[in-house]
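In the text below, chain A, chain B and the rest are named by the order of the sequence lines, each starting its count at 1. The shown structure was predicted, so the numbers you read here are calculated from the model rather than taken from an experiment.
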Amino acid sequence: MSIPFQIESFQKQLIDWFDTHKRLLPWRQEKHWYYIFLSEFLLQQTQVEQALPYFYKFIHAFPTIEHLAKTSEDDVLKLWAGLGYYSRARNLRKAAQKIVERFDGRFPLDYKDALSLPGIGPYTAAAILSIAFGKPHAVVDGNVIRVMSRLFSINEDVNDGKTRKYIESIVQKLLPEKEAGTFNEALMELGAVVCKPKNPRCLSCPVNTWCMAYKDGNPQAYPIKSAPAAKKRLFHYVFLIQNETDYLIVKRPDSGLLASMWEFPSVQTQKLTLAAPEIMTHLQKQYGIKGELIEQDMIRHHTYSHIRLQYMAVYVRTDDEHIKLGHYQSFIWEHFNRLSDYAIHNAHKKLLSWMASFKN
DNA sequence: AACCCGGGGGT
DNA sequence: ACCCCAGGGTT
């Protein structure tokens, strides 16, 4: 399609708004590519406010790409714990290693080379190359899709590959060669702050005179999306097992859900209404541990993007020391006060406060 | 193309 | 309780 307005006016209006209204973020102060690189990993599927404390932690722990390349996977995961999508942390470290070893410590300026880095796809490659190096690559993220679908009232499913290509072609036409990075940042900032999913602030929008959805009075109707798949329902018993003074934690498999994160040994069941002897039978069959069930927690809920998990923690005392690993990578007994040294995912982190009530 | 992969914020 | 989302990898 051809853009039904003067593109230069649109660009200027958007960039002028960004210059005066942009949020002051740490990776916008000194525009070193390493800061952009780190922030883009943190910001995948993640809000700025949520990513901020992690950015500071990582910059402090790994001031340069070389520091990041030299660290262990466990250390990266521990720093990432609580942020979710943990493959990002593993890929971040692998990408740093490849940049140091293959590209001499400098970010590759070729788009295909950037795409070859683990954890860097079309969006992140375009974002880093445009924002850090001024290369004319258009970014298409959730914000851009929402803004474009409203600007041009796109009545097609944005989850469809065709629609995605269509939006990409539009953004490429709107992109200014000279200020590609600023324009990209401005477009995403507009989506995050003004052209929000709900209650868009159209009266404050610098480009509302060109917005078809605003003209029609239905910006909230966009973007049009097909219904997501229904979430699976899972049930877990989670065992807080005490041996003398220490608790048992285990390391998850290195692929799949919560890969390589630490947790309390768990079993999947069909329901959460088992009697105590049945619960302990599961524990013995799966992990080879005999013990005494001291106390049961309440049923808790945890929702992932595609799973609705209900789980119940069980406080168990045992004299056993060794366990059957099952699908876990490894196990270790640790004092309650030391559990925070491990990368434990959020669902099980919630159990620490309950544990505090009976630790001794 | 479909599915897998977390967590917090908004309503 | 249910909605939304600053994507990439795998199959």
Side-chain angles (χ1 to χ4, degrees), chain A residues 22-23 25 27-28 36-55 77 80-92 94-95 114-128 130-131 138-147 149 157-165 168 184-201 220 222-234 252-261 263 301-310 343-350:
Chain A
K22 66 182 173 189
R23 291 168 290 182
L25 304 174
W27 49 86
R28 284 177 178 169
I36 309 294
F37 165 80
L38 173 60
S39 71
E40 288 303 339
F41 268 83
L42 290 168
L43 290 170
Q44 288 170 8
Q45 303 294 102
T46 304
Q47 315 279 78
V48 164
E49 293 303 323
Q50 194 185 350
L52 266 177
Y54 288 85
F55 181 84
L77 279 176
W80 200 278
L83 196 58
Y85 284 133
Y86 298 100
S87 66
R88 289 183 293 170
R90 296 144 59 84
N91 285 332
L92 172 67
K94 289 180 194 163
L115 270 186
S116 77
L117 296 169
I120 294 191
Y123 163 76
T124 307
I128 297 174
S130 66
I131 297 172
V139 298
V140 181
D141 72 336
N143 287 314
V144 174
I145 288 174
R146 186 171 56 256
V147 171
S149 69
D157 178 8
V158 297
N159 289 332
D160 190 327
K162 299 282 191 183
T163 312
R164 171 78 175 228
K165 290 287 185 187
E168 281 175 14
N184 284 338
E185 276 194 281
L187 210 47
M188 293 191 284
E189 187 84 350
L190 185 74
V193 177
V194 174
C195 196
K196 301 180 295 180
K198 295 185 176 178
N199 303 326
R201 301 168 53 189
Q220 68 290 336
Y222 301 92
I224 294 170
K225 294 188 178 187
S226 53
K231 296 184 191 325
K232 296 178 191 170
R233 309 186 85 94
L234 295 181
R252 292 177 58 85
D254 71 354
S255 65
L257 185 68
L258 304 167
S260 291
M261 296 295 284
E263 69 176 15
H301 298 255
H302 195 87
T303 304
Y304 300 104
S305 49
H306 58 301
I307 295 170
R308 291 179 58 90
L309 172 67
Q310 294 183 54
I344 297 175
H345 58 82
N346 271 19
H348 286 192
K349 267 189 190 173
K350 293 177 186 171

**Report entry** Rounded interatomic separation in angstrom, taking CD1 from A:I307 and P from C:dC2
**Finding:** 17 Å
Query raised in the report: Base, sugar-phosphate alone, or nothing: which one does A:I120 contact when heavy atoms must sit under 4.0 Å apart?
Result: sugar-phosphate
Query - Comparing A:Y54 and A:D160 on DNA chain B - which has the more 5′ nearest nucleotide - result: A:D160
**Report entry** Interatomic distance at P, C:dT11 relative to B:dG6, whole Å
**Finding:** 15 Å
Query raised in the report: Looking across every strand, which nucleic acid part, if any, lies under 4.0 Å from A:V48 by heavy atom: base, sugar-phosphate, or nothing?
Result: base
Query raised in the report: Is a donor on one side and an acceptor on the other found under 3.5 Å between the side chain of A:R88 and the backbone of A:G119?
Result: no
Requested in this report: Look at all strands and tell whether A:N143 reaches a base, only sugar-phosphate, or nothing, counting heavy atoms closer than 4.0 Å.
Outcome: base
Report task. Determine the Euclidean distance between corresponding P atoms of C:dA6 and B:dC4; express it in Å to zero decimal places. Result -> 22 Å
Query raised in the report: Side chain of A:E189, backbone of A:R23: donor and acceptor closer than 3.5 Å?
Result: yes
Query raised in the report: Does the side chain of A:T124 get closer than 4.0 angstrom to OP1 or OP2 of C:dG8 through an N or O atom?
Result: yes
Query raised in the report: C:dA6, C:dG7, C:dC5: which one has an atom nearest the side-chain heavy atoms of A:Q45?
Result: C:dG7
Query - Options C:dG7, C:dA6, C:dC5, nucleotide nearest the side-chain atoms of A:L43 - result: C:dA6
Requested in this report: Using a heavy-atom cut-off of under 4.0 Å over every strand shown, decide if A:G256 touches base, sugar-phosphate, or nothing.
Outcome: sugar-phosphate
Requested in this report: Evaluate the ring pair (Phe, Tyr, Trp, His ring centres under 6.0 Å) criterion for residues A:H306 and A:Y304: first the C-alpha distance (whole Å), next the side-chain angles of each, then the deciding distance (0.1 Å), finally the verdict.
Outcome: CA-CA 5 Å; A:H306 58 301; A:Y304 300 104; 7.2 Å; no
Query raised in the report: Base, sugar-phosphate, or nothing for A:L258, non-hydrogen atoms under 4.0 angstrom?
Result: sugar-phosphate
Report task. Calculate the interatomic distance between A:N159 atom CG and C:dC4 atom P; express it in whole Å. Result -> 10 Å
Requested in this report: State which of C:dA6, C:dC5, C:dG9 makes the closest approach to the side chain of A:K225.
Outcome: C:dC5
**Report entry** Candidate list A:I128, A:L43, A:V139, test side-chain contact (heavy atoms from CB on, under 4.5 Å), partner A:Y123, passing option
**Finding:** A:V139
Report task. Determine yes or no for a side-chain-to-main-chain donor-acceptor pair under 3.5 angstrom, with A:R90 supplying the side chain and A:D254 the backbone. Result -> yes
Query raised in the report: Just wondering, do A:L42 and A:W80 contact through their side chains at under 4.5 Å, heavy atoms?
Result: yes
**Report entry** Range on DNA chain B touched by chain A, heavy atoms, distance below 4.0 Å
**Finding:** B:dC4 to B:dT11
Requested in this report: Calculate the interatomic distance between A:I145 atom CD1 and C:dC5 atom P; express it in whole Å.
Outcome: 9 Å
Requested in this report: Using the P atom on both, measure C:dG9 against B:dG8 and round to a whole Å.
Outcome: 24 Å
Query - Euclidean distance, atom CZ of residue A:R308 to atom C1' of C:dA1 [Å, nearest integer] - result: 8 Å
Query raised in the report: So do A:Y86 and A:S260 actually touch side chain to side chain, heavy atoms under 4.5 Å?
Result: no
Requested in this report: Quick one: label A:Y85 by what it contacts on the DNA or RNA (base, sugar-phosphate, nothing), any heavy atom closer than 4.0 Å.
Outcome: base
Query - Flag side-chain contact, heavy atom, 4.5 Å: A:R164 against A:I145 - result: yes
Query raised in the report: Reading DNA chain B 5' to 3', how would its secondary structure be written in dot-bracket notation, given Watson-Crick and G-U pairs with both distances under 3.5 Å, brackets [ ] for crossing pairs and | for partners on other strands?
Result: |||||.|||||
Query raised in the report: If only atom types and distance count, is the side chain of A:S116 paired as donor or acceptor with the main-chain N or O of A:A114 below 3.5 Å?
Result: no
Report summary line: Per nearest nucleotide of DNA chain B, the residue lying toward the 5' end, A:A347 or A:A229, is A:A229
Query raised in the report: Does a distance-only test, which skips hydrogens and angles, find a donor-acceptor pair under 3.5 Å between the side chain of A:R23 and the base of C:dA6?
Result: yes
Requested in this report: Determine the contact category for A:K232: base if any of its heavy atoms lies under 4.0 Å from a base atom, sugar-phosphate if only primed atoms, P, OP1 or OP2 are that close, otherwise nothing.
Outcome: sugar-phosphate
Query raised in the report: P atom, B:dG9 versus C:dG8: distance in rounded Å?
Result: 23 Å
Query - Nearest-angstrom distance from the residue atom CG of A:L92 to P of C:dG9 - result: 13 Å
Requested in this report: Hey, which sits more toward the 5' end of DNA chain C by its nearest nucleotide, A:G119 or A:G191?
Outcome: A:G191
Report summary line: From CD of A:Q47 across to C1' of C:dG7 the rounded distance in Å is 14 Å
Query raised in the report: Any side-chain heavy atom of A:I224 sitting closer than 4.5 Å to one from A:T163?
Result: no
Query raised in the report: Side chains of A:R28 and A:K22: closer than 4.5 Å at any heavy-atom pair?
Result: yes
Report task. Answer with base, sugar-phosphate or nothing: what part of the nucleic acid does A:T46 contact at a heavy-atom distance below 4.0 Å? Result -> base
Query raised in the report: How many Å lie between CG on A:L309 and C1' on C:dC2, as a whole number?
Result: 17 Å
Report task. Using whole Å, report how far CZ of A:R146 lies from C1' of C:dC4. Result -> 9 Å
Query raised in the report: Knowing that exactly one of A:N184, A:L187, A:L190 qualifies, which makes a side-chain contact (heavy atoms from CB on, under 4.5 Å) with A:V144?
Result: A:L187
